[in-house]
Every structure is written in structure tokens, then in C-alpha cells.
Visitor: 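Take this structure first; my questions come after.
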Amino acid sequence: MTQPVNPADIHNTILAQQKAEDRKKLAINTVFIAILLVAPFVLYPVFLMKILCFALFAVAFNLLFGFTGLLSFGHAAFLATGGYTTGYLLSQHSGLTTELGILAGTLVATVLGLAFALLSIRRQGIYFAMVTLALSQLVFFFYVQSPFTGGEDGMHGIPRGELFGLISLEDNHNMYYFVLAVFIACYVLVQRVVSSPFGQVLRAIKQNEPRAVSLGYNVDRHKVLAFVISAALAGLAGSLKSVVFQLASLNDAHWHMSGEVILMTLVGGMGTLLGPVVGATFVVNVEYQLSQGPLRDWVDPILGGIFVLTVLAFRNGIVGEIQKFVRRNLG
Amino acid sequence: MTMIFGVPLAVLSGQLLIGVINGAFYALLSLGLAVIFGLLKIINFAHGAMYMLGAMATVILFDALGVNYWVALFLAPLLVGVFGMLVEYFLLRRIAGQDHIYSLLLTFGIALLVQGVLTNLYGVSGLRYAMPDMFKGGINLGFMFLPYYRAWVIGVALLVCFGTWFMIEKTKLGAYLRAGTEDAQLMQGFGVNVPLLVSLTYGFGVMLAAFAGVLAAPIYSVTPVMGSHILIVVFAVVVIGGMGSIGGAIITGVLMGVIEGLTKTFYPPASSAVIFLVMVVVLMVRPTGLFGKEA
Amino acid sequence: MTEAYVLETRNLVKEFKGFVAVNDVNLKIRQGDIHALIGPNGAGKTTVFNLLTKFLIPTRGQILYKGEDITALKSATIARRGVVRSFQISAVFPHMTALENIRVALQSFEGNSYRFWQSGRRLNRLNERAMELLDAVGLTEFANTTTVELAYGRKRALELATTLAMEPDVLLLDEPTQGMGTEDVERVVALVRKAAEGRTVLMVEHNLSVVSKLCDRITVLAQGAVLTEGDYATVSADPRVREVYMGTESSGERGAAPSVPEAAS
Amino acid sequence: MTHASNREYEQLRISGLHAFYGESHILHGIDLVVHRGELVTLLGRNGAGRSTTLKAIMNMVGRRTGSIMVNGEETMACAPHHIARLGVGYCPEHRGIFSSLNVQENLTLPPVVRSGGMSLEEIYTMFPNLYERRFSQGTKLSGGEQQMLAMARILRTGANMLLLDEITEGLAPVIVEKLGDVLVALKNKGLTIVLVEQNFHFAAPLADRHYVVEHGQIVEEIRADELSAKQSVLDSYLGV
Amino acid sequence: DISDNTIKIGYLADMSGTYRDLAGPNGLAALNMAVEDFGGKVNGAKIEVVSADDRNSPDVASSTVRRWLENDDVDLVAGLVASSVSIAVSDILEENDKLGIVSGSAASSITNEHCTPNHIHYVYDTYPLANGTASAVVKEGGKSWFILTADYAFGHALESDVTRVVEANGGEVIGTLRHPFPTPDFSSFILQAQASGADVVALANAGADTTNAINTASEFGITQSGQTLAALLLFLTDVHALGVEAAQGIQLTTGWYWDMNDETRAWSDRFMEKTGVRPTMVHAGIYSSTLQYLKAVEATGSDDAQTVRKHMMETPINDMFAKNGRIRADGRMVHDMYLAEVKTPAESKSEWDLYKILRTIPADEAYRPLSESKCPLVSSK
Ligand SMILES: Nc1ncnc2c1ncn2[C@@H]1O[C@H](COP(=O)(O)OP(=O)(O)OP(=O)(O)O)[C@@H](O)[C@H]1O
Ligand SMILES: Nc1ncnc2c1ncn2[C@@H]1O[C@H](COP(=O)(O)OP(=O)(O)OP(=O)(O)O)[C@@H](O)[C@H]1O
Ligand SMILES: [Mg+2]
Ligand SMILES: [Mg+2]
């Protein structure tokens with residue numbers, strides 16, 4: 001015997017919840033941006049930029065994996081393609097301004113993303129992961145053998161150049177704020193995408209694909225779009241990275257990199273917005289700090305141990321576990 | 001001399017045979033992977049490490065205790081199998097029923113751990129293992145010189161593959177395993193000791209890898225990283241065959257050995273890319289691999 | 001002539017590796033009818049549904065919708081044309097709230113599903129209609145509940161509401177009352193009746209009391225082929241139907257015990 | 001072994017059973033007793049916790065507290081396969097047909113836990129559909145056929161206590177009727193049956209007693225002979 | 001004047017990956033031996049050593065080195081193995097005008113198109129490897145060659161160097177075959193090499209590829225069928241891993257061998273005491289280069305990169321590693337190289353008794369002449 005309930009009341013509660021969520025999101029974003037703005041005065045800017053590049057890469061990956069349910073095992077291909085394209089163009093054409101070089105790198109990665117997507121999107125689950133892996137391996141072999149990448153020696157001496165032909169990016173602080181601006185723009189974009197009408201459909205597809213089909217959605221096309229956005233952002237991360245470090249190397253194209261971005265996302269918390277950022281920060285830091293310290297011969301086994309621990313003890317990732325904790329104790 | 005695309009027939013036959021031999025290796029390795037994925041839905045990224053452990057154990061047992069090849073052929077897989085069961089019992093079991101991706105991450109972590117520890121203990125240059133005396137030399141087949149050891153590899157690998165296939169596809173135990181994969185809880189509700197079954201299966205799967213490792217010890221350079229290189233190729237083989245298809249893994253293993261061998265003859269630079277190319281093409285045409293069950 | 005029929009199949013055949021699941025079926029569904037498809041287990045009812053919505057590809061035969069051949073169209077296209085189905089096994093988006101589930105369905109009419117740059121708050125304008133639909137299936141109080149947490153019967157109710165949100169011309173319901181308690185069955189019967197106003201419903205249902213109350217016309221399938229067709233009285237009087245399907249129950253309605261009417265199957 | 005003494009034998013005793021799925025507390029202290037050879041139903045609305053009670057008996061829920069005695073043996077600490085070995089056969093709500101096995105393999109899958117189960121022939125005679133489709137993949141069966149298969153396979157194991165969750169769901173009336181006959185036959189053989197049913201018309205003539213479950217608790221116990229007297233109470237619980 | 005009154009040396013190398021054994025943690029031990037020889041102090045300034053794993057990644061390496069140079073006042077970056085890392089680091093060194101000594105890399109481009117005034121390439125590169133082995137083998141009658149090349153820049157460089165040397169000496173390359181990197185199984189390639197009928201099968205690859213190829217060659221009886229196997233880059237650790245059984249008779253070029261004279265043996269004994277293994281040429285080179293660096297600091301009393309480098313270039317190197325070695329304008333340290341042959345099981349007396357030195361290749365003959373250099377530092381001088 002159900003209590004009579006008023007739909008309007010329930011609806012209002014839901015709207016109020018949404019408002020509260022928006023406020024919370026805004027607050028978190030603000031704090032987060034504030035921290036990033038002052039960070040280079042405390043920490044070494046190049047290292048911070050490295051973190052931002054990988055964070056962007058992980059955010060891009062998570063859009064596909066965490067929010068669409070597609071596990072790409074080939075995202076390294078986009079990172080590398082962005083990096084190599086931008087690096088090559090900036091090295092070869094001294095007239096090119098940096099932002100155009102980065103744009104071009106992103107564009108080529110986007111096109112490659114579209115190609116990957118069209119070839120892989122109809123495959124399900126683990127097969128999808130494996131087709132993307134195979135495609136990215138083919139891209140890897142291409143880069144190994146193409147002369148323009150410098151093979152395993154890598155591409156070096158990429159000029160940072162000038163932003164809009166005006167602001168010198170040789171200066172680490174200028175470079176940092178440029179990278180930060182791009183990162184924030186992308187992060188906000190992804191936040192938007194996830195909650196957009198499109199994002200809702202992605203969620204639906206992730207949870208029950210046949211049902212989404214029966215509701216009249218062209219599931220493949222939605223997935224392709226998500227894939228392409230993700231590839232574009234991953235390519236952008238690679239482009240930025242090549243400008244920051246002034247080099248592009250095969251490490252970025254190797255399948256280990258595709259694995260690493262999965263790890264970053266999972267460690268941070270997949271399907272959460274902040275998770276990949278936290279995960280990237282964590283993984284990059286651990287690797288870097290360990291390789292400097294007394295345990296430097298043991299980086300790999302320690303990383304291995306961290307992954308084991310993550311999976312066993314906090315599967316939802318750092319952010320996911322915090323959210324869970326907050327929900328349980330405060331909500 | 002008969003030529004085929006500019007390659008003498010004799011050379012080609014030799015390459016085909018070599019392809020089959022390598023294929024037998026792939027079959028053995030991908031079989032273990034397919035058993036573990038097919039039956040436990042674990043994406044075992046530690047498979048390469050288990051292969052490596054098999055080879056390392058062979059060498060270490062010999063150096064430390066003088067254990068000979070024949071004993072190692074049983075002992076090394078057994079030890080690795082027990083190690084695998086411990087890994088399953090203490091680690092993998094805790095993530096049963098979670099998304100595949102967690103098993104991938106966990107086993108990847110285990111592989112890094114094992115590999116890293118052994119690298120620090122034994123270095124990366126490799127350990128020396130002498131070919132058992134009875135396998136020294138070979139026979140001249142006319143078109144090529146076939147070392148006895150390679151002949152042995154092909155025979156024993158295919159035998160083990162067939163035996164495994166039979167056990168899983170044709171016996172009651174196999175039916176338990178297949179059903180347990182789909183709904184372990186219900187199987188347990190029927191009175192089957194699923195946890196034990198899972199341990200044994202994982203142990204068995206990695207034993208197959210370790211067995212391949214023992215076979216590899218006399219002919220390949222035995223190093224802590226030997227498994228990580230071969231890992232994704234073996235994954236590709238399993239995927240082409242259809243994840244979880246036991247027979248598919250075996251047949252595809254041999255097939256890929258041959259295709260790779262032919263590429264090594266006609267256009268060697270592409271020989272490591274070719275498997276991935278085949279994979280893309282196969283999955284275009286057959287979304288669940290050559291022998292995969294349709295979704 | 002065909003105009004009178006909104007949905008029609010001609011010599012529809014589906015074979016699975018030599019096994020004929022649907023054998024030369026000619027269905028004619030009249031505009032505005034509630035049409036039931038009944039028959040013993042394994043008769044091919046779900047398969048027919050799957051063929052109509054192209055979740056399976058017919059081996060042979062034609063499917064006509066409003067006189068137009070739709071045999072070659074894809075699932076999603078057919079759904080957008082107005083032929084929408086619900087599933088036999090409950091199909092919901094488990095990690096969305098009930099409200100969000102409905103909104104996903106309503107959203108497919110908005111034409112904004114590729115707008116990744118727009119705010120999701122735009123979808124709030126769908127809430128009112130969504131709440132109406134939830135209310136109609138008695139799920140108002142669960143609007144903000146994540147769907148996994150709903151009991152099976154409520155999931156079915158939610159699924160039905162989602163399907164109705166599609167404003168279909170033709171509604172295909174596969175055992176809509178399966179797994180529901182008595183009170184829910186009542187509600188669903190009322191709901192289907194309401195939903196059927198101005199549209200056509202084709203349903204598979206084993207609960208004969210529901211069939212008898214709701215349906216204008218009934219087709220009985222057995223072993224993949226049409227056994228007979230007609231209204232409830234005609235069909236239930238047919239001895240062949242009694243033999244293969246209804247059994248010996250005098251009324252053909254389960255739940256005939258006087259004080260416990262219409263218990264659901 | 002007389003019929004009467006059998007009746008007194010407590011095949012199942014549940015006391016103070018609480019069960020949880022992760023955070024959510026589903027059962028709030030279930031108490032019930034089933035004697036050997038009895039057929040008892042659990043009635044209630046959707047979501048009342050009937051399926052959960054059966055799962056809890058099999059140790060298939062997240063967490064449990066309280067006590068469950070099967071054949072006089074405490075099973076709270078037992079793994080599910082031990083419980084099955086005590087002679088418990090469980091037919092789940094969602095059938096659990098294995099897609100990697102064909103129909104016959106599905107049927108012969110559950111290990112025999114006691115002697116006295118039905119033979120394959122007997123089962124095929126009872127469900128000719130299954131015989132016809134015996135070599136096709138389990139999940140390619142129609143919904144109703146899967147339901148038959150799920151029920152049939154535990155009849156083979158010789159379990160002497162059956163936990164059956166909504167077994168008439170999605171079955172054609174003829175089959176339902178046949179199932180009724182089967183349950184009567186099983187009861188006559190001395191099997192104990194706990195039946196979760198929505199189809200009260202099916203359950204009423206078969207059951208010795210009914211328990212009404214609401215919000216994870218037993219709120220009413222009704223013997224078959226009290227049925228007509230307590231009809232109105234029952235109706236109000238079931239929301240008729 | 002020495003900044004902060006400390007000399008800080010950063011040792012950057014692959015500590016855990018493929019190049020671990022030839023440099024790695026033991027390279028750090030060698031470096032510390034040089035510091036010890038100075039008593040931990042030079043001109044009263046403390047010598048401090050920091051170290052890091054480059055993880056064979058130019059990214060990781062460049063973050064590390066940037067911080068070392070920009071924040072931590074590191075004066076010398078030593079180690080440096082993977083060529084991608086060495087090139088990336090040399091760019092940063094130049095930007096910050098600090099000094100680096102590359103001891104582990106093989107790429108000859110490091111002092112050719114990638115040369116900078118801020119780094120020195122110490123132990124060896126592909127040029128003398130090809131030069132030494134190829135000319136020696138051709139002279140011994142190996143006229144027709146089949147080259148098995150690792151399909152990446154390093155392999156290609158070796159291949160073209162070898163081809164040049166073979167042809168210059170009157171031999172002929174009758175076939176080349178590019179194998180992917182890494183290749184776990186070489187039987188197919190060995191079979192093709194065998195079928196080619198060439199006198200010499202040369203391995204233009206490194207590490208596990210080389211050891212796998214040699215293993216397989218021995219299994220398939222390449223040498224029994226009359227062909228000579230020439231490995232172009234083979235470290236002592238590789239030969240140790242292969243064992244003399246499989247590797248016997250292989251000719252190779254090395255920059256140094258532990259068992260050449262009393263001086264090398266004495267140092268190797270010291271090294272072995274610390275590490276448990278015999279040193280490779282890279283280990284010895286790390287020791288020697290650090291020693292020379294510290295001597296230069298001592299002599300000039302400065303830690304300024306250019307001052308120190310200038311002094312190092314002006315001073316001939318004479319220690320247990322090299323006799324009359326010198327650092328050229330392009331940063332290449334040239335010294336005598338040695339043609340060695342792996343001993344047979346009968347000849348090998350102990351675990352590490354692996355080579356016999358056949359011939360000394362004089363420095364000027366071994367390395368790429370400056371006249372062929374593409375390094376801008378050379379033409380400006
Ligand atoms: N994909 C398939 N492959 C092989 N056989 C199939 C497949 N799908 C259905 N069948 C078979 O086709 C027949 C018809 O199945 P269908 O699901 O249409 O029955 P149904 O009438 O809906 O029955 P129910 O009332 O039990 O749901 C069954 O015998 C079933 O075993
Ligand atoms: N896996 C689960 N996780 C969380 N909650 C669950 C789960 N399964 C069931 N529940 C919840 O437990 C409660 C009882 O469910 P149960 O399935 O036992 O109900 P029931 O009485 O069998 O009803 P039904 O007629 O729907 O089968 C419901 O509220 C349901 O939402
Ligand atoms: Mg059906
Ligand atoms: Mg239930």
C-alpha cells in the first residue's frame with residue numbers, strides 16, 4: 001500500500017539536487033584552478049607541464065573508457081601522432097606559430113581517430129580493445145620505420161617558438177600558462193560533453209546498448225563521435241607535450257603508453273571527471289620520484305605493486321574511493 | 001631450381017616448416033591464455049611473466065641443484081603452476097566478478113613485479129642454458145637442416161595442445177569449467193567447488209606457459225624480460241582465433257607462425273606488424289575472431 | 001487494401017542452422033487493435049518480434065509497415081519510424097535513475113543527441129513528461145532511485161514506461177506482465193489499455209486473463225506457424241489451441257480462484 | 001520411517017535472518033521452519049525479499065547474519081557448494097542457463113548430490129521441447145524453454161529440498177499444469193519444496209503452508225486449511 | 001672557482017630495462033670508484049653523486065636532467081645509454097651550458113649531426129665497431145657478406161658502415177635482411193642467411209637480438225656449414241650469457257677488455273669485489289671518463305663546463321682504459337679499439353675468461369675521420 005506521492009514534489013527535489021551539484025562542481029573547479037595557477041611558483045614548471053599533458057591524455061581516454069564504456073588499447077597512437085606531427089611541422093617550417101603547429105597535430109590525430117573509429121567501432125568489448133591495439137601497433141611500426149620520426153633516436157630540438165607569433169614560449173612560465181589554459185579549456189569541455197545531451201546518450205549506450213538501439217539511437221555514430229573527440233584531445237596532449245619537452249619519441253607510440261593511460265585512469269578513478277587528472281599526477285610523480293631515489297633500480301616492481309594494491313584495495317580509484325567515502329559518511 | 005616469387009622452393013619449404021615450429025610455440029602460449037580467458041575471464045597479462053618464470057626456473061634449477069632438462073620439463077611448470085595458484089588464491093580471487101579490465105591491471109602489476117625482482121637478481125643479459133646432449137645436432141631434410149630440438153618442440157607442443165583441447169571440450173570437467181565461467185555462483189550453488197576449480201584452472205593455464213618456457217630455455221635467450229616481448233603477439237593470436245576458443249587458439253597459433261614465417265621470407269620488415277594486420281582484417285570480417293562464438 | 005493493416009508480414013521465415021523457428025508466417029495487424037500473439041513455449045513469438053524490429057534478419061519473406069516494405073531497414077530506423085518494442089528480459093539502463101531512463105527515451109525526439117557542447121540541463125524540460133509516464137506506471141516515488149536497486153517487477157514497469165515514451169505508432173510488448181505482482185498486473189493492464197488509444201499494440205502474453213481482457217484479436221503460433229487467428233472467444237474455443245497451449249483449465253484463465261482473481265503468471 | 005515422523009523432521013529452520021546487498025539491508029529477521037516432505041510457498045509483493053531469502057539460504061547474497069539450519073546443521077559458515085551437497089537444489093529466478101553448453105550439457109551439468117533423482121529419459125518425457133532442442137545452445141532456447149530447463153536440471157541431482165523461484169514464469173498454461181503435477185509427484189516422493197510464486201492460483205492447491213513476506217520479514221503464516229478464513233488478510237498483503 | 005664548493009655528478013642510466021647490465025647500477029659503482037680515487041674531494045670541494053633511472057625514456061630523462069641542471073646545480077651528467085636519451089640530454093646540456101659524458105650509447109650521430117659543445121662521447125660508437133670487425137674479417141678471406149640488420153636507425157647505421165668497409169676492402173655484400181626489433185626467434189632469418197651461401201653472416205643488431213641470433217646460428221650449425229659469424233656489437237655480458245659453447249669463434253670489436261694487462265686486471269678485481277661481475281667496456285669507460293673529468297677540475301680549479309672540456313681536450317688520456325686517448329673537437333673520444341675473438345670452451349679457463357685479443361686497431365684507423373664529420377663544431381675550428 002503505497003503512500004500517495006506528489007510528482008511535483010519529487011521533481012522539485014531532483015531539481016534542487018541538480019543545483020547543489022552544479023554549485024559543488026563550480027566550487028571544486030575553482031579550487032582546482034586556483035591551485036594550478038600558483039603551482040609553478042612552488043613546483044618545477046616543466047614537471048608540472050608534464051603532469052598536465054598526461055592529465056589531459058588521461059582525461060581524453062576516460063571520456064571514451066569511463067563514460068562510453070569503450071576500452072581503447074591504442075590511445076598511444078594519437079598521443080604520438082599529435083607529437084610527431086606538431087614536432088615535424090614546427091621543426092621544418094620556422095614561420096609556423098606554435099599554436100598552429102599544435103592545431104595541426106591535433107587535427108591529424110583527429111583524422112587518425114576517425115579512421116580508427118570507423119575500423120573498430122562495430123567490434124564489442126575485448127575485441128574492440130584488441131582492434132585498437134592492433135591498429136596502434138601498425139601505427140607504431142610505421143613510426144619506427146619512417147625517417148621523419150628519427151626512429152628510436154627520436155625527434156629532437158623541436159622549437160617552442162612563439163604563441164601567436166608574439167609571446168615567447170621559451171620561457172617556462174609562459175609555456176606553463178599556455179599549457180594550463182589549453183588544459184582547463186579541454187577539461188571544461190569534457191565536463192560539458194559528459195553532462196550534455198550527447199553525454200546522456202553515451203551513458204545509456206554504456207549501460208545497455210541494445211536498449212539504446214531500440215530507442216532509436218544510432219549507437220555506432222555516437223560512439224564514433226566520442227572516439228573522435230577523445231582521439232583529438234589525446235592528440236592535443238601529444239602536441240603540447242612535444243612542444244614542452246621539445247622532443248617526440250617512440251615511447252609515446254608504444255603500447256606500454258596505452259597501458260599507462262589505463263593505469264592512470266584507473267588509479268585516479270575511471271568514470272569520474274577529476275580521477276584521470278589525479279591518476280596522471282600520481283603515476284607521473286611516483287615514477288619520477290622513485291627513479292631519482294634510493295629505490296631507483298626497483299621502479300618497475302614498485303609500480304607493479306601499486307597496481308596490484310590499487311586493484312585489490314581501492315578499485316574505484318583515488319577519486320572514486322573519496323567520493324564513496326563522502327557519500328557514505330556525509331551524504 | 002623451382003622459384004616462387006623469386007624464392008627457391010627449397011628455401012620456402014624450410015620457411016614453412018620453421019613457421020609451423022614457431023606456430024607450435026604460439027599455440028602452446030596462446031592456449032594457456034585462451035584457457036584462462038575463456039574459462040576465468042581473466043585477461044592474463046602475467047602470461048608472459050609465467051613463460052619467463054618457466055624458462056628461468058629451468059636454468060636456476062639446473063645451476064643450483066643440477067636438475068636436468070627432463071625433470072625440469074615437469075618440475076618447472078609444476079612450480080610455476082603452484083605459484084599461479086597462490087597468485088589466484090591471494091590476489092585474483094579478490095576481484096572475481098569485476099570487470100575484465102581489473103584482471104588485466106592486476107596481472108600486469110604482477111608481471112611488472114615478478115619481472116622487476118628477477119631483473120634485479122639476475123640482470124637482463126640472460127642466463128645460459130646448454131642444449132641437452134641428446135638434442136644436439138639435427139637431420140638434413142634436403143631442403144633444410146632441422147635441429148633435433150625443433151622437431152621435439154613441434155611434436156610435444158602439439159601433443160600438449162591437443163590433450164588440453166580434449167580435456168576442456170570433451171570432458172565433464174571441461175563442462176564444469178565452461179559453466180563456471182558464466183555463472184560461478186550458480187555452479188557453486190549446484191555443489192561444485194568452484195573456487196578450487198578456478199585455482200586449478202589458473203594454475204593449469206600458467207603451467208602451459210611455463211612449459212613453453214622450459215621448451216624455450218635451450219634455444220632462446222633466457223632473460224627476465226623474455227616474456228614481455230612475446231606477450232602481445234600471443235594476445236593477438238588468441239584474439240584472431242576468437243577469445244576463449246580453445247581449438248581456435250591452437251589452430252590460429254600454428255597459422256600465425258606460418259604467416260609470420262612467410263612474411264619473414266618475402267618482406268621481413270613487416271614480420272612483426274603482419275600479425276596485427278591479420279588481426280584487423282580478421283576482425284573486420286569476423287567480429288569475434290576466426291573461431292569465436294558469435295556474441 | 002493493405003492500407004487497413006498497419007503492420008503486415010508476408011511469408012516470413014526464420015531458420016537457425018536448419019531449425020525453422022518461424023515458418024511462413026503471415027500476420028496482419030489492423031490499425032488501432034490490441035493484437036496478441038500467443039502460443040506454447042518455443043513457438044516463435046519472440047523470434048517474430050525480433051524479426052519485426054530487425055534484431056534478427058529474416059531468412060525469407062517481407063515485412064510491411066503502413067504498406068511500405070521495411071524489410072531492409074535497420075533497427076534504429078524502424079524504431080524512429082514508430083515501431084518500438086519492449087524486451088522479454090528486462091532492459092533498462094541500470095545506473096541511471098528511473099527519471100533518467102525515461103528521459104533517454106524522450107530525448108531521442110529532441111534531435112540533440114549529438115550536441116556534445118550543450119548543457120545537460122536542457123534535458124530538464126523533458127522532466128514533466130517523464131514524471132507523467134512514471135506516475136502512470138506507479139513509479140513516481142522511485143523517480144530518483146537508481147534502477148539497479150529496483151525490484152524486478154518495477155524494472156519491468158519502468159521499461160514499459162520507457163517504451164511508451166517513444167510515442168510509438170505500433171507498440172510491441174513481449175510479456176509485459178511477466179514477473180509482476182497482482183497489483184502491478186492490474187496497473188499494466190490499465191496502462192496498456194490507455195496506451196493503446198490511438199495506436200496499435202502487438203503483444204506476447206502468457207497470462208490469459210490479461211489477453212482476454214485486453215485483446216481485440218489473437219494469433220496463435222505453434223511450432224513456428226500460425227495455428228489459428230480470431231478473437232478470444234473463437235480462439236479459446238478451438239480444441240487445437242486448448243491442446244497445445246491452454247491445457248485443460250476450463251476457463252483458460254489462471255487465477256480463476258474466486259477470491260484471488262488474476263494472479264499473474 | 002513413517003510418514004508422520006517425516007513430517008516432524010525439520011528440514012529447514014531459519015531464525016533471525018538478515019541479509020544485505022552491499023549497503024542495502026534487504027532481509028530484516030526472517031524466521032521460518034519447513035518440515036520434511038512439506039511444500040511451503042513464500043508470497044509477497046515485488047521486492048518483498050522472497051528471492052533474497054532463497055539466495056540467502058544458498059549463501060549467495062552479500063552478507064548474512066542469523067541462523068540457517070539445513071537438516072539440523074548450521075550453514076551460516078558454509079560455502080554454497082557445501083550447502084548444495086546437503087541436498088539442496090536451487091532454481092534461480094533468472095534461470096541461469098549456460099550459453100557455452102548445449103541443452104543436454106546444461107541438463108547434466110549439476111552434480112548428483114544424492115541418489116534418487118530423475119533420469120534423463122524421465123525428464124525428456126516430461127519436457128519434450130527440451131528433447132527436441134537438446135543439441136542447441138542453452139541460451140538459444142525460447143524464454144519458456146529456458147525456464148523448463150532450469151527446473152529440469154535440478155530434478156536430476158536427487159536433491160531432497162528444492163528452492164524454486166518463480167518457476168511458472170513465462171510458461172504456457174499447459175506446461176504450468178504439467179509442472180503442478182510434477183510438484184505433486186515430488187512431494188509424494190517425500191521431497192521438501194520451498195516455492196516462491198506470483199501465480200497464486202498455481203501455488204494454492206499444492207502448498208501445505210504459505211508464508212507472507214513483506215519488507216524482508218515474515219508477516220503472516222497461513223496453513224492450507226486456513227486459506228479461506230484468512231483470505232482477506234492475504235488479499236490485503238498482496239495488494240489485490 | 002667551484003660553485004657551492006661541491007662537484008655534483010649526476011649518473012643517469014637505464015637501471016632496470018634492456019641496457020641495465022652493460023651500464024646500470026654497476027656503472028654507478030664504477031663511477032663511485034673514480035670518486036673514491038679522489039678521496040671524495042677535489043681541490044677541497046666535496047664530490048657528490050646523484051643518480052637516476054632514465055627508464056629509457058627521453059621524457060623522463062629530460063625532466064630529470066633539467067631539474068638537475070636548473071635546480072640542483074649538477075655539474076656533470078654521466079652514464080647515458082639509450083641514444084634517444086643521450087641526444088635529448090645533450091640538447092638540455094647545451095641550453096644550460098653544462099657538461100655531459102656519454103658512455104653507453106652506440107649511435108655515431110651523437111658526435112656527428114647531434115654534436116654540441118657540451119658533451120663528450122667516450123667509449124665506442126658504431127663506426128669503429130663496423131670498421132674493426134669488417135675489415136679484419138674481409139682481410140682474413142671473408143669476401144662475400146650477408147648482413148642481418150635490426151630494422152631501426154642503429155641497425156641501419158651499422159649496416160651502411162659495414163657495407164662501406166667491406167666494399168672498400170674488396171669484399172662484397174651479397175644480401176641484407178632487415179629484421180624487426182625485437183625478434184624473439186631468428187630461425188627463419190638464420191635459414192635465409194644459410195641459404196645465401198655467403199662467407200660471412202654479420203649481425204648488425206644488439207642485446208637480446210644478437211644473443212638470440214647467435215644461439216640460433218649455433219643450433220642450426222651455421223659455422224659447421226663453413227660460414228663465419230660476425231657480431232658487430234657484443235658486450236662482455238652478452239657473451240657471458242651466451243656461453244663460450246654457443247659463442248665460440250665469433251669475432252667482434254671492443255673498446256676495452258678486462259683481461260688485457262695487469263692494470264686492467266687490477267681495476268677489474270676491484271670492480272668485481274664491489275659488484276660480483278667483471279666490467280664491460282662501458283663500466284670501464286664510465287670510470288675512466290669520470291676520473292679524467294675530476295682531473296680536469298683539479299687542474300683548472302673550475303667546474304665551468306667549457307673550461308673543463310677545453311682542458312680535457314688538451315690533455316691526452318692515459319689510464320687503465322685508454323692509452324693516448326684524446327677528445328676531438330666534435331666531442332668524440334678516440335682511442336685504440338681491439339679486435340677480439342670469443343674463446344673456445346677448451347681455451348676458456350674461467351667464467352669470465354671469454355676473449356682473446358687478436359689485434360689492436362689504432363685510434364685513427366678506428367673512428368670516423370673528422371674530415372667526414374657533419375658536426376658544425378668541426379668546420380668552425
Ligand atoms: N538464436 C537462435 N538460435 C537457434 N535457435 C533459436 C534461436 N532463437 C530462438 N531459437 C529457437 O527458436 C524457437 C522459437 O523461439 P522463441 O524465442 O521465438 O519462442 P517463443 O515463442 O518466444 O517462446 P516463449 O514463450 O517460451 O518465450 C525455440 O525453439 C528456440 O529454441
Ligand atoms: N543484487 C542486488 N543489489 C541490490 N539490491 C538488490 C539486489 N537484488 C535485489 N535487491 C533488492 O532487494 C529487495 C528484495 O528483492 P527480491 O528479489 O528478494 O524481491 P522479491 O520478493 O523476490 O520480488 P520480485 O517479485 O521482484 O522477484 C528489492 O528491493 C531489490 O531492489
Ligand atoms: Mg519468448
Ligand atoms: Mg523474486
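So you know, we letter chains A, B, ... as the sequences are listed, proteins then strands, and number each from 1.
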Visitor: Please classify the contact between E:Phe154 and chain A as side chain, backbone, both or neither, with a heavy-atom cut-off of under 4.5 Å.
Guide: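 For E:Phe154, backbone and side chain are both near chain A.
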Visitor: Looking at A:Lys241 and A:Asp252, is any side-chain nitrogen of the basic one under 4.0 Å from a carboxylate oxygen of the acidic one?
Guide: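 A salt bridge is present here (some side-chain N lies under 4.0 Å from a carboxylate O).
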Visitor: So which of E:Val85, E:Leu12, E:Val50, E:Val60 has the biggest tally of heavy-atom pairs under 4.5 Å with chain A?
Guide: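 The option with the most such pairs is E:Val60.
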Visitor: Pick whichever of E:Gly24, E:Ala153, E:Gly17, E:Ser62 has the most heavy-atom pairs under 4.5 Å with chain A.
Guide: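 Looking at each of E:Gly24, E:Ala153, E:Gly17, E:Ser62 in turn, E:Ala153 comes out on top.
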Visitor: Are A:Arg160 and A:Glu170 close enough for a salt bridge, meaning some N to O gap below 4.0 Å?
Guide: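 Between A:Glu170 and A:Arg160 there is no salt bridge, as every charged N stays at least 4.0 Å from the carboxylate O atoms.
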Visitor: Classify the ring geometry of A:His254 against A:Phe140: parallel below 30°, tilted from 30° to 60°, perpendicular beyond 60°.
Guide: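 Ring orientation, 0 to 90° scale: perpendicular.
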Visitor: What part of E:Asn56 lies closer than 4.5 angstrom to a heavy atom of chain A: side chain, backbone, both or neither?
Guide: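 It is the backbone, since no side chain atom gets that close.
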Visitor: Going through the distances and angles, do A:Tyr44 and E:Ser63 end up as a side chain to side chain donor-acceptor pair (under 3.5 Å)?
Guide: CA-CA 10 Å; A:Tyr44 185 56; E:Ser63 333; over 6 Å; no
Visitor: Which residue is it: A:Leu263, A:Thr310, A:Val267, A:Val277? I am looking for the one with a side-chain contact (heavy atoms from CB on, under 4.5 Å) to A:Phe282.
Guide: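 Single side-chain contact (heavy atoms from CB on, under 4.5 Å) partner of A:Phe282 among A:Leu263, A:Thr310, A:Val267, A:Val277: A:Val267.
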Visitor: Taking 4.0 angstrom as the limit, do E:Lys274 and E:Glu36 come out as a salt bridge?
Guide: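 E:Glu36 and E:Lys274: salt-bridged.
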Visitor: Identify which part of A:Gln145 has an atom lying under 4.5 Å from any heavy atom of chain E, answering side chain, backbone, both or neither.
Guide: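 Contact with chain E involves the side chain of A:Gln145 alone.
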Visitor: Measure A:Asp300 against the heavy atoms of chain E and call it side chain, backbone, both or neither at under 4.5 Å.
Guide: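 Contact with chain E is through both the backbone and side chain of A:Asp300.
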Visitor: Hey, is E:Arg332 close enough to E:Asp330 for a salt bridge, meaning N to O under 4.0 Å?
Guide: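 No salt bridge links E:Arg332 with E:Asp330.
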Visitor: Of all of E:Pro180, E:Ser83, E:Ser90, which one pairs up most often with chain A through heavy atoms under 4.5 Å apart?
Guide: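 Option with the greatest count: E:Ser83.
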Visitor: So do E:Phe186 and E:Asp209 actually touch side chain to side chain, heavy atoms under 4.5 Å?
Guide: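 E:Asp209 reaches E:Phe186 side chain to side chain.
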Visitor: So which part of E:Ile110 gets closer than 4.5 Å to some heavy atom of chain A, the side chain, the backbone, both or neither?
Guide: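 Answer is neither: E:Ile110 stays 4.5 Å or more from chain A.
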Visitor: Based on non-hydrogen pairs under 4.5 Å, which of E:Ser109, E:Ser105, E:Ser51 is most in contact with chain A?
Guide: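 Of the options given, most contacts go to E:Ser51.
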Visitor: At a heavy-atom distance under 4.5 Å, which candidate from E:Ile92, E:Asp151, E:Asp59 has the highest pair count against chain A?
Guide: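 Ranked by heavy-atom pairs under 4.5 Å with chain A, first place is E:Asp59.
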Visitor: Who among E:Ala52, E:Gly10, E:Ala107 has the most heavy-atom pairs with chain A under 4.5 Å?
Guide: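 Max contact count across the listed options: E:Ala52.
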